[in-house]
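Written out below as structure tokens is the structure these notes cover.
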Amino acid sequence: MSIRILDTLSNEPISLPEPPYEVKLYVCGITPYAGSHIGHAVPAVVFDVLRRYLEFRGYTVRHVTNFTDIDDKLIDRAQALGTTVKALADQFSDQYLASLARLNILPATYYPRATEEIPAIIRICEGLIAGGHAYASGGDVYYRVRSKPDYGKLSGRNIDDLLSGARIDPTELKDDPLDFALWKGTKPGEPAWESPWGPGRPGWHIECSAMALEHLGEQIDIHGGGADLIFPHHENEIAQSEAFTGKPPFARIWMHNALLRLGAEKMSKSLGNIVGLDEVLDTAGPDAIRLFILGSQYRSPVTYTEEALSAAKAGAERLRDAAFVAAKPGATGTVPTETIAAFYERFEEAMDDDLNTSRALAVLFDLSREVNRARDAGLEVAAPQVALRHLGGVLGLTFALSEDGSKEAAPFIDLLIELRTELRAAKQWALADRVRDGLAALGVEIKDGKEGTIWSFS
RNA sequence: GGCGCCAUGGCCAAGUGGUAAGGCAGAGCUCUGCAAAAGCUCCACCGCCGGUUCGAAUCCGACUGGCGCCUCCA
């Protein structure tokens, strides 16, 4: 079977060409004007899993994710903080990438920045003007929404409905209130670049078209992002890209993840209901976050709650224990190859079906049970464990013990556990339990096994 | 107002025509100095009403409740 992804535009499952094939993947990135919240982890994890699964299935992936490092919010924020747009953007871009690394996200092949694509942006504006799809007005350049009849095809709207929406701010510089800015003439104090229309800066949507065109070509395979980008961002991207190249489709597949909610509402900076990504990373670790996100299919909205996260944390621990538990001493016999193969089949079947990570996760939990059963039955556990770690790796799970920076504590904890083991051997239960309870109070969990005692940070 | 989505056990979440995956929590048993972990067993008829069908959580219609986009947002 082949991988099928539901395309937002056609609402049909679309397959990619069979491998070997290089998948051209463009995922809309962030505007780095503030710290990241867990909502940002959703597309990062979803598209990371897409990438890992494609590679698992034999594809190579050219993955480009942009930083929109020039825009109104950045300008306002920089002025408020008395810093430069560039310094601000660099700070939050770096911070974002550091958080992604902690989440075990594979780095994109390339991370272009809007401010480094100005020549391409200008070239596209000129091309659109030449083709009659855009016009200069004042120091601005606007895309003419009515220049092609299919505007609105991605988000399922038509221009006249949009007009009746009445939240549009008509500007005298625009021929039509729905036309959007490709290039904005500069205002005093703003960063600006030279252009045929005078000094200015890119509008919001054009940078993505430019970067996709520059780094992936005129037609890409998968264009992804959060569902909130469907309109107007991706709608406008399609319009200007296809108008510019004259080669539809701009993207073979449009793939959008549902937004994370906090309580009943979506999490967003404007609502002020944000939970920082790094804080969650600190308390729950990367695997729990991934389990939490991948527990539902990417097009279903997930709701962030403490309970859901701690449930995911418990699940991550279960997987990790199974992935590394030791076989009984003197274990003989192994789990049949066919049994292992069946898990792979189920996993692939789930993932092929529009990245059904929820089902794929169920396979991993079943595989964990297989490991534990094999161990209890006195079998070798290496084979199912290798499979578990392999397939878990496709979902980007690290199986790492807690990533607490408490490594310095490890030797001391080991020493205490050694002492406790001796106390237990001497049947000094009260003292042994004091050690265990004391460690527990400090956040160190102990598990006694046949092969000795293991511990972890809870 | 326009476009669209969702409603499954205590919580989360798969499942789109044939009698409900998985996780968390809970109960019992086994194992164990105790505890934890692990294994086994148990725990739902799928928002409401009507319809189609031999048969529906799954299709159609109405209703109720919730959410998203239409404005910066991943």
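The structure presented is a predicted model; accordingly, all values stated were derived computationally and were not measured. Proteins get letters first, then strands, A, B, ... in listed order; numbering begins at 1 in each. We use all heavy atoms of the structure for the numbers below, so side chains are in, but hydrogens, waters and symmetry mates are not.
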Base B:C34 paired with A:Arg436 side chain (donor-acceptor, <3.5 Å): yes

Gap separating the CD1 atom of A:Ile3 from the CG atom of A:Leu54, nearest 0.5 angstrom: 5.0 Å

Taking OP1 and OP2 of B:A35, is either one under 4.0 Å from a side-chain nitrogen or oxygen of A:Trp429? no

Give a yes-or-no answer on whether the side chains of A:Tyr96 and A:Asp94 include a donor-acceptor pair shorter than 3.5 Å. no

Give me the distance, rounded to whole Å, that separates B:A27 from B:U32 when you measure between the P atoms they each carry. 22 Å

I need a per-nucleotide contact map over nucleotides 37-43 of chain B, read 5' to 3'. Cutoff is protein heavy atoms under 4.0 Å; write B for the base, S for backbone only, - otherwise. SSSS---

Going by heavy atoms in the side chains, are A:Leu355 and A:Arg299 under 4.5 Å from each other? no

Earlier contact from the 5' end, RNA chain B, for A:His205 and A:Ala430: A:Ala430

Would you say A:Thr398 and A:Asp287 are linked by a side-chain donor-acceptor pair, where the criterion is simply a distance under 3.5 Å? yes

Sugar-phosphate, base or nothing in reach of A:Ala308, heavy atoms under 4.0 Å: nothing

Residues of residues 414-424 of chain A with a heavy atom under 4.0 Å from any atom of RNA chain B, listed by number, are A:Arg420, A:Arg424

Return the pairing partner of B:A25 with a 3.5 Å limit on both distances, Watson-Crick or G-U wobble; otherwise return none. none

Rounded distance in Å - CG (A:Asn158) to P (B:C3): 9 Å

Going by atom types alone, do A:Ser10 and A:Asp7 pair a side-chain donor with an acceptor below 3.5 Å? yes

By the 4.0 Å heavy-atom rule, please label A:Ser300 as base, sugar-phosphate, or nothing. sugar-phosphate

Which is true for A:Leu291 with a 4.0 Å heavy-atom rule: it touches a base, it touches only sugar-phosphate, or it touches nothing? nothing

Could you give the distance separating B:C43 and B:U52 at their P atoms, to the nearest angstrom? 34 Å

What is the distance, rounded to the nearest whole Å, between atom CD1 of A:Ile159 and atom C1' of B:C3? 15 Å

Taking any strand in view, what nucleotide pairs with B:G4 in a Watson-Crick or G-U wobble way, both distances under 3.5 Å? B:C67

Round to a whole Å and report the spacing from CG of A:Asp437 to P of B:A36. 12 Å

When you compare the side chains of A:Glu207 and A:Thr68, does any donor N or O come within less than 3.5 Å of an acceptor on the partner? yes

Regarding the side chain of A:Phe231, the nearest nucleotide among B:C70, B:C67, B:G22 is B:C70

When you compare the side chains of A:Ser358 and A:Gln297, does any donor N or O come within less than 3.5 Å of an acceptor on the partner? no

Mind checking what makes side chain to side chain contact (heavy atoms under 4.5 Å, CB included) contact with A:Arg318, not counting sequence neighbours? A:Phe365, A:Arg369

Nearest-Å distance, CD (A:Glu235) to P (B:C3)? 16 Å

Let's go through A:Thr31 and A:Asp71 carefully: what are the C-alpha distance in whole Å and the side-chain angles of both, what is the deciding distance for side chain to side chain donor-acceptor pair (under 3.5 Å) to 0.1 Å, and is it a yes or a no? CA-CA 8 Å; A:Thr31 300; A:Asp71 107 309; 4.8 Å; no

A:Phe180 meets the ring-ring contact (aromatic ring centres under 6.0 Å, His included) criterion, sequence neighbours left out, with A:Tyr143, A:His205

By nearest atom, which of the nucleotides B:A13, B:G68, B:C70 is closest to the A:Ser296 side chain? B:A13

Can you tell me, in whole Å, how much space there is between the C1' of B:A56 and that of B:C45? 11 Å

Interatomic distance at C1', B:U16 relative to B:C5, whole Å: 16 Å

Hey, which of these two, A:Phe292 or A:Ala312, hits RNA chain B nearer its 5' end, going by closest nucleotide? A:Phe292

Taking atom P in both B:C48 and B:U58, compute the distance separating them and give it to the nearest angstrom. 11 Å

Can you tell me how far C1' of B:G4 sits from CZ of A:Arg299, to the nearest Å? 13 Å

Over how many whole Å does the gap from A:Phe67 atom CZ to B:C73 atom P extend? 15 Å

Pairing partner of B:A38, by Watson-Crick or G-U wobble and under 3.5 Å for both distances, is B:U30

In residues 348-364 of chain A, which residues come under 4.0 Å of RNA chain B by heavy atom? A:Asn356, A:Ser358, A:Arg359, A:Ala362

Roughly how far apart, to the nearest Å, are B:G47 and B:A20 at atom P? 15 Å

A:Phe56: which residues meet the ring-ring contact (aromatic ring centres under 6.0 Å, His included) condition with it, sequence neighbours left out? A:Tyr53, A:His390

Applying a 4.0 Å non-hydrogen cut-off, can you work out what A:Ile30 is touching in the nucleic acid: base, sugar-phosphate, or nothing? sugar-phosphate

Tell me what A:Asp366 touches on the nucleic acid: a base, only sugar-phosphate, or nothing, going by heavy atoms under 4.0 Å. sugar-phosphate

Write down the distance between CZ (A:Phe343) and P (B:A21), rounded to a whole number of angstrom. 16 Å

Between A:Ser209 and A:Glu237, do the side chains contain a donor N or O and an acceptor N or O under 3.5 Å apart? no

Partner of A:Ile417 by side-chain contact (heavy atoms from CB on, under 4.5 Å), out of A:Asp448, A:Val435, A:Ile446: A:Ile446

Looking at A:Phe399, does the NZ or CZ of A:Arg389 lie under 6.0 angstrom from its six-membered ring centre and within 45 degrees of the ring axis? no

